[in-house]
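Only one structure is covered here, and it is reproduced in the block below.
Residue numbering restarts at 1 for every chain, and letters A, B, ... go by the order of the sequence lines.
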Number of protein chains: 2
Amino acid sequence: MNEQDPLLEELTQASREVYAAVDLVEDQIAKMLGIHRSDLRCLNILENGPQSASEIGRRANLTSGSVTALVDRLERVGLVERHRSSTDRRSVLVNIPDRSYPRVDALYSQVGRAIKESFQSADPAGLQVATEVLRTFAAACHNAQNRIEESKTPTDQ
Amino acid sequence: MNEQDPLLEELTQASREVYAAVDLVEDQIAKMLGIHRSDLRCLNILENGPQSASEIGRRANLTSGSVTALVDRLERVGLVERHRSSTDRRSVLVNIPDRSYPRVDALYSQVGRAIKESFQSADPAGLQVATEVLRTFAAACHNAQNRIEESKTPTDQ
DNA sequence: ATTGATCATAAAGATTCTTGACGGTCAAGT
DNA sequence: ACTTGACCGTCAAGAATCTTTATGATCAAT
């Protein structure tokens, strides 16, 4: 497993650095917002549009009980709203009201600014390449996540 | 704030996707190892060599009490070792013993494999570019983290 | 109308994190 | 040598989150 292309090894090493760095930044952002890590994850999910509580749980890897408490917290600080679904009266749709977006974006913009600065020396072509690399990387993460989910040899001690 | 270069906006958008994806993968990996998220963060930190408990706390954003409990957990499952420092008898050095590395690497290798697959179509030059992009990205995250740390306008509600 | 599944919620128990207090150790100054 | 102040790691108590389990409401299918 270590007789690999050294360039690929460099790449995986770099990806490890990304994991660690992202982990810490997200932690910091959550603290800035005064919310929990899972809450921030939920907000990230809701950026793609309103979601039902059960869907949030599926995507965030949380049980239904946790989601209820989580939405309670976010609702309490006014970051999200709860609405009953019109098509399924069991379901609850959670969304980020327009007035809350500035609060969320303000934090990510801090990181966004650092990103822009780091890449500002790149020419347009370089920016497009970087964007594509990051998208490919994110897709690979999702890929790996699904694979791990399936293999499910829990703990495996 | 939205009158930006559209290419830069694309980049920040892609980075948001990376945050979300990494967050979920790390969560999954931690669950696979049967450890907590913070424990995995600690392991990531210890990959750079043995660290004192206080240093772990600083880097992981944890209080000293949390670090004690955290190292207890990791030690209990045999992933790390505690040794007293020879230069400062107050200090405790924590390290990953050689025999534990396979356990940690095995999990990241799952992700690593997905990464390699996603980028395997790239030529050598492309791989180097991707590696550099990821490293720049990680650096930008650290950068942003430090900046947020300083600005410290907590919660800011 | 009935059955079984799904949805969101609530309560109880387990686990983690923070806070504050403690004893041991170090370094600097007297 | 001794004292002072700071740092280090640990411990115990309290707050907060997550999971599990149980419950009522709603849906879809028979």
Side-chain angles (χ1 to χ4, degrees), chain A residues 23-24 26-43 45-46 50-77 79-95 152 154-155, chain B residues 23-24 26-43 45-46 50-77 79-95 152 154-155:
Chain A
D23 183 32
L24 287 171
E26 291 245 312
D27 213 58
Q28 202 86 4
I29 290 176
K31 273 183 182 135
M32 279 285 291
L33 251 181
I35 63 179
H36 194 266
R37 188 67 183 272
S38 302
D39 303 12
L40 183 60
R41 188 186 305 173
C42 175
L43 290 179
I45 290 172
L46 292 179
Q51 305 286 338
S52 70
S54 57
E55 184 62 25
I56 292 173
R58 262 190 296 275
R59 298 202 192 182
N61 249 314
L62 290 171
T63 61
S64 61
S66 294
V67 174
T68 295
L70 184 157
V71 175
D72 282 346
R73 292 195 298 271
L74 287 177
E75 201 178 28
R76 201 176 306 132
V77 295
L79 282 171
V80 306
E81 288 176 344
R82 243 191 269 245
H83 295 290
R84 293 223 88 89
S85 167
S86 55
T87 61
D88 185 340
R89 276 186 299 172
R90 297 168 300 178
S91 185
V92 166
L93 288 180
V94 184
N95 73 299
K152 280 283 188 213
T155 307
Chain B
D23 183 32
L24 287 170
E26 291 244 312
D27 213 58
Q28 203 87 4
I29 290 177
K31 274 184 180 134
M32 279 285 291
L33 252 181
I35 62 179
H36 193 266
R37 188 67 182 273
S38 301
D39 304 11
L40 182 60
R41 188 186 304 172
C42 174
L43 290 178
I45 291 172
L46 292 179
Q51 303 287 339
S52 69
S54 57
E55 185 61 26
I56 292 173
R58 262 190 296 274
R59 298 202 192 184
N61 249 314
L62 291 171
T63 61
S64 61
S66 294
V67 174
T68 296
L70 184 157
V71 175
D72 283 346
R73 292 194 296 271
L74 288 177
E75 201 177 29
R76 200 175 308 133
V77 296
L79 281 171
V80 305
E81 287 176 345
R82 242 190 269 245
H83 295 290
R84 293 222 87 88
S85 166
S86 55
T87 61
D88 185 341
R89 275 187 298 171
R90 296 169 300 178
S91 185
V92 167
L93 288 181
V94 184
N95 73 299
K152 281 282 190 216
T155 306

Considering just the side-chain nitrogens and oxygens of Thr63(A), establish if one lies under 4.0 Å of OP1 or OP2 belonging to dC18(D).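 No, because none of the side-chain N or O atoms of Thr63(A) sits under 4.0 Å from OP1 or OP2 of dC18(D).
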
[X] [atom1] - [N] [atom2] separation (whole Å):
{"X": "Leu93(B)", "N": "dC8(D)", "atom1": "CG", "atom2": "C1'", "result": "12 Å"}
{"X": "Arg76(A)", "N": "dT17(D)", "atom1": "CZ", "atom2": "C1'", "result": "12 Å"}
{"X": "Gln51(B)", "N": "dG9(D)", "atom1": "CD", "atom2": "C1'", "result": "16 Å"}
{"X": "Ile35(B)", "N": "dC17(C)", "atom1": "CD1", "atom2": "P", "result": "11 Å"}
{"X": "Ile56(A)", "N": "dT9(C)", "atom1": "CD1", "atom2": "P", "result": "10 Å"}
{"X": "Leu62(A)", "N": "dT20(D)", "atom1": "CG", "atom2": "C1'", "result": "14 Å"}

Looking at Arg76(B) and Asp72(B), is there a salt bridge between them, counting it only when a charged N and a carboxylate O are closer than 4.0 Å?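 Arg76(B) and Asp72(B): not salt-bridged.
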
Pairs under 3.5 angstrom, nitrogen or oxygen only, protein versus nucleotides 10-16 of chain C, please.
| residue | atom | partner | partner atom | Å |
| --- | --- | --- | --- | --- |
| dT16(C) | OP1 | Arg73(B) | NE | 3.4 |

Range-with-range stems of DNA chain D (Watson-Crick or G-U pairs under 3.5 Å, three or more in a row):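 When the pairs of DNA chain D are grouped into runs of at least three, the stems are C:1-30 with D:1-30.
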
How many angstroms lie between [atom1] in [X] and [atom2] in [Y], if you round to the nearest 0.5 Å?
{"X": "Asp23(A)", "Y": "Leu40(B)", "atom1": "CG", "atom2": "CG", "answer": "7.5 Å"}
{"X": "Asp27(A)", "Y": "His36(A)", "atom1": "CG", "atom2": "NE2", "answer": "8.5 Å"}
{"X": "Ser38(B)", "Y": "Ile56(B)", "atom1": "OG", "atom2": "CD1", "answer": "12.0 Å"}
{"X": "Glu26(A)", "Y": "Arg37(A)", "atom1": "CD", "atom2": "CZ", "answer": "5.0 Å"}

Do [X] and [Y] touch side chain to side chain, with heavy atoms closer than 4.5 Å?
{"X": "Leu43(A)", "Y": "Asp39(A)", "answer": "no"}
{"X": "Arg73(B)", "Y": "Ile35(B)", "answer": "no"}
{"X": "Val71(A)", "Y": "Val92(A)", "answer": "no"}

Gln51(A) and Ile45(A): which non-hydrogen atoms are nearest, and at how many Å? CG-CG2, 4.1 Å

Arg41(A) and Ala60(A) have their tightest heavy-atom pair at NH1-O, 2.7 Å

Looking only at the side chain of Ser52(A) (C-beta and beyond, no hydrogens), which of the listed nucleotides dT18(C), dA8(C), dG9(D) gets closest?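 For the Ser52(A) side chain, the nearest candidate turns out to be dA8(C).
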
Looking at every strand, decide which applies to Ser54(A) at a 4.0 Å heavy-atom threshold: base, sugar-phosphate, or nothing.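 The answer is sugar-phosphate, as Ser54(A) gets under 4.0 Å only of primed atoms, P, OP1 or OP2.
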
Pairwise 5' ranking along DNA chain D for Val92(B) and Leu70(A), keeping only the more 5' one: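 This one resolves to Val92(B).
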
Which residues within residues 80-90 of chain A lie with some heavy atom under 4.0 Å of an atom in DNA chain C?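 Heavy-atom cutoff 4.0 Å gives Arg82(A), Arg90(A).
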
Taking the side chain from Arg82(B) and the backbone from Leu93(B), do they hold a donor-acceptor pair closer than 3.5 Å? no

